[in-house]
Each structure stands twice: as structure tokens, then as C-alpha cells.
Amino acid sequence: MNTIRWKMPDQYLTEWYRNLSGAVKTAFYAAFAAGLAAHLYQFTNKLYNYDELANTPGGIGLSTEQGRWLLNWMGRFMRSVFGGSYSLPFF
């Protein structure tokens, strides 16, 4: 009688990784590094303050109440040009 030999999931992944060509591995790591570099600013410097959180649904946050008079104009400009919310680090 034949018995079925089951493999653990990590054994399947190890075999699959070994069967990949060097070019595929290089392309994956290069794409991962490029994606990380492209989003590094957001990962390290993005602090969500009240302006960012209030702006997300379509508002423009606290502007003149905190003495940030240009924020109100930027919000109106972005809503008229791009039709929606914006992120402050964009500017």
C-alpha cells in the first residue's frame, strides 16, 4: 500500500524559490527596492495632523482658525482643479 507523503508549506515555498531563475529573482528585488525608494518619503515623514485627517473626506481642515489663511485658498483651488482632497506634503 502506498502512503502519501505530505510536505509542509515552507518546503513548497523553498522548492518554488529554488526553481526560480536568477533573472526573475533580480527583477523582483529590483522592483521591491524601487517601490520602497519611491514611497520612502511617505513611510518616514508623513505625520497625520488635523489638517490631513479633516481633509481626507473633502474638507479643508482648520485654516483661519489657526492662522493658516493660505490653507483655505489651497483647499478651494485643489477642489476646483482636481475635484477633491489633497495631501499637504504634496505642496
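This chain uses plain numbering: 1 for the first residue, then up along the sequence.
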Pairs touching residues 31-40 that satisfy side chain to side chain donor-acceptor pair (under 3.5 Å), sequence neighbours left out | none
Got a sec, which residues hit side-chain contact (heavy atoms from CB on, under 4.5 Å) with Val24, two or more places apart in sequence or on another chain?
-> Leu20, Ser21
What pairs of donor and acceptor atoms, side-chain ones from residues 25-36 against any protein atom, are under 3.5 angstrom apart with sequence neighbours left out?
unit_1 : atom_1 : unit_2 : atom_2 : d
Lys25  : NZ     : Tyr17  : O      : 3.4
Thr26  : OG1    : Gly22  : O      : 2.8
Tyr29  : OH     : Tyr17  : OH     : 3.0

Which pairs with one or both residues in residues 5-16 pass salt bridge (charged side-chain N to carboxylate O under 4.0 Å, His left out), sequence neighbours excluded?
->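 Qualifying pairs: Lys7-Glu15.
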